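Here is the structure we will look at, set down as structure tokens.
When a residue number appears, it is its place in the shown sequence, counting from 1. Remember, it's a predicted structure, so these values are computed and weren't measured experimentally. All values below come from the heavy atoms of this structure, side chains included, with hydrogens, waters and symmetry mates left out.
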Amino acid sequence: MNEFEKLGVFYLGKTKEGLLLYDSKDLVTHAVCVGMTGSGKTGLCITLLEEAAIDNIPAIIIDPKG
């Protein structure tokens, strides 16, 4: 099994140095994703939500514009 396919590890993509992984234990309460238009906020949030769904982590999403 690849390192990024383990439960509790969010695979967010690749960098020049290797894989970008995030430990789901760091998601304990709330999060806000801010940035300029076109900076990748939606792509990041969709990836985080997909990875949370794979690990059966409940999520509530509020999109004030959509």
Side-chain angles (χ1 to χ4, degrees):
M1 177 181 289
N2 292 327
E3 181 182 357
F4 63 89
E5 292 176 343
K6 295 178 184 175
L7 288 178
V9 177
F10 287 11
Y11 170 73
L12 301 179
K14 295 180 182 178
T15 64
K16 293 177 184 176
E17 293 81 29
L19 300 177
L20 181 58
L21 303 174
Y22 190 79
D23 189 354
S24 66
K25 289 184 268 184
D26 293 334
L27 298 172
V28 292
T29 57
H30 302 82
V32 175
C33 186
V34 295
M36 294 177 56
T37 301
S39 62
K41 298 178 303 291
T42 300
L44 172 64
C45 291
I46 288 172
T47 301
L48 284 171
L49 292 170
E50 289 173 345
E51 292 290 327
I54 290 170
D55 289 353
N56 291 322
I57 297 171
I60 297 174
I61 301 94
I62 300 171
D63 182 2
K65 287 182 79 177

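With values rounded to the nearest 0.5 angstrom, L44 atom CG is found 9.0 Å from L49 atom CG. Rounding to the nearest 0.5 angstrom, the gap separating the CZ atom in F10 from the CG atom in L21 is 11.5 Å.
A distance-only check finds a donor-acceptor pair linking the side chain of K41 to the backbone of G35 [under 3.5 Å].
Under the 4.5 Å side-chain contact rule for hydrophobic residues, L48 and L20 share a cluster. Side-chain heavy atoms closer than 4.5 Å link hydrophobic residues (I, L, V, M, F, W, Y) into clusters, and following such links, possibly through other members, connects V9 to L19.
Here V34 is tied into one hydrophobic group with V32, each link being a pair of ILVMFWY side chains closer than 4.5 Å.
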